[in-house]
Number of protein chains: 2
Amino acid sequence: MTDRMLPLIEGGPVHERSDAARNRVALLVAARALVERCGVAGVTMEAVAVEAGVGKGTVFRRFENRAGLMAALLNFSESAWQDEVISGPPPLGPGAEPLDRLLAFGRSRLRLNVTHGELIEAASQSFGRSYAARSFAAMHVRYLLGALEVDGDLPMLATALLAPLEAVILDRQVRIEGMDLERVDAAWTDLVRRVVRPTGVPGPS
Amino acid sequence: MTDRMLPLIEGGPVHERSDAARNRVALLVAARALVERCGVAGVTMEAVAVEAGVGKGTVFRRFENRAGLMAALLNFSESAWQDEVISGPPPLGPGAEPLDRLLAFGRSRLRLNVTHGELIEAASQSFGRSYAARSFAAMHVRYLLGALEVDGDLPMLATALLAPLEAVILDRQVRIEGMDLERVDAAWTDLVRRVVRPTGVPGPS
DNA sequence: ACCGTAACCGGACCATGGTCCGCTTTCATT
DNA sequence: AATGAAAGCGGACCATGGTCCGGTTACGGT
């Protein structure tokens, strides 16, 4: 399962030819270099090809399209983050109270999505395909809600809680409406508290 | 304020030249025709230009870019919807209880965003600029929350409630995860009820 | 009616995402 | 080591979003 941390090395199809593997690594390294040299917008498919010293067609063969390339790039940091959630120190990792874990999860995810906003945006056409991160987050939130003994349609509730943390929405709030990160954070905490608190319905006496 | 309903006629700059006005109308009509003949994806800037019988440059002059054109197209249905909310029959329009209005608002907005998903997606690059619909929705929800005497950071709470209704997220749920519309609807109702119900904090005795 | 100006028009032009297909490389088998 | 075929490669090619600028047109003042 830690294989997920090594997207540069983990293979594509079951048996990948050595030249193909070499090129895939070269392409990702090139893309990473470009993204920090010219910004996400400057990562042109042709530029990546040139930087990696391969043909343009090769880039498309490996990553389908620009969004796919970006998604592959994202997996770097995304899987590192997943590991923190799964096995890092509390309160994000296991060991803390579920509510604390949930709130820590929100804080962390919020920052991550703001930081990677551009990249996520550029990769988003490729999701639906395999943005593992999204379903991972949904699963985790759902699990924590269960641990908190929240009842209701947990998968949908998880989606609803994650929605305000989406990069698209955060971008609007932070970049356009000029919202403070702390305020967004506080609001999410408030939202979670409202959702999680026990139903007003009196129990079976 | 009803001018907002006539996006085809309402002018751009203070004093628009007659030929410019004619072209703007022609372009929007052409675009609308194309979108229902070839789908949103088939609306090429050049195709619009040809259909309207003008040069390609003119299209870009009027609408800045593809997203701008789509946004202009959206305003058609969007402003009709706004009028329903502002002055239509209850429970969506005024006259019903705030909670009922809020739930009706969600149902309605949900359907609208699913229907216009593609168009909204295509126009979204242009938002931040002037997607009036979004801030209108936020304002309305905020108002209803106020009427329900919900306390807290109302603007942020409104954003949080609207987030799961965003086209991007609905698309994933409905198209990719195969969620049922009714289920999404029910989940939103549940979310609202959780958020709105009075805080567990005991009042000042 | 005339004129100067400012706005507008249009299509040639560029950049970039994406496709295609003939050539090359790799690798399993012998 | 030789070999055949599957996989991979690469760059020419296309479509489309977006820019630019010389020529044209409408408008207001006289």
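Computed over heavy atoms, backbone and side chain alike; hydrogens, waters and symmetry mates excluded. Letters A, B, ... are given to chains in the order of the sequence lines, protein chains preceding strands, and every chain is numbered from 1.
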Spacing between A:F63 atom CZ and C:dG18 atom C1', to the nearest angstrom: 16 Å
Whole angstrom value for the distance that separates P of C:dG10 from CD of B:E51: 15 Å
SB check A:R197 A:E149 (cutoff 4.0 Å): no
5'-most by nearest nucleotide on DNA chain D - B:K56 or A:K56: A:K56
Euclidean distance, atom CG of residue B:L69 to atom P of D:dT16 [Å, nearest integer]: 15 Å
D:dG17 phosphate, OP1 or OP2, under 4.0 Å from B:R66 side-chain N/O: yes
A:R17 CZ - C:dA28 C1' separation (whole Å): 12 Å
Minimum-distance pair of heavy atoms, taken over all atoms of B:G88 and B:P94: O-CD, 3.6 Å
Nucleotide C:dT16, atom C1' - distance to CG of B:N65 in whole Å: 16 Å
Row check, A:W188 ring normal vs A:R109 NZ/CZ: under 6.0 Å, within 45°: no
Point-to-point distance, once rounded to the nearest 0.5 Å, from CG of A:D100 to CG of A:L92: 11.5 Å
DNA chain C: 5'-proximal contact among B:D19 and A:R61 (nearest heavy atom): B:D19
Distance below 4.0 Å between A:R62 side-chain N/O and D:dC9 OP1 or OP2: yes
DNA chain C: 5'-proximal contact among A:G57 and A:A41 (nearest heavy atom): A:A41
Phosphate OP1/OP2 of D:dG8 contacted by A:N23 side-chain N/O (<4.0 Å): no
Given C:dG18, C:dG10, D:dC9, the nucleotide with the shortest approach to the side chain of B:V54: C:dG10
B:S18 side-chain N/O to D:dC27 phosphate OP1/OP2 under 4.0 Å: yes
Side chain to side chain contact (heavy atoms under 4.5 Å, CB included) assessment of A:E51 paired with A:V29: CA-CA 9 Å; A:E51 174 94 9; A:V29 169; over 6 Å; no
Contact under 4.0 Å: A:R22 side-chain N or O vs C:dT26 OP1/OP2: yes
Whole-Å distance separating the CD atom of B:E46 from the C1' atom of C:dC14: 14 Å
Spacing between A:R24 atom CZ and C:dT26 atom P, to the nearest angstrom: 16 Å
Whole angstrom value for the distance that separates P of D:dG11 from CZ of A:F60: 15 Å
Out of C:dC9, C:dG18, D:dG18, whichever nucleotide has its closest atom nearest the side chain of B:A20: C:dC9
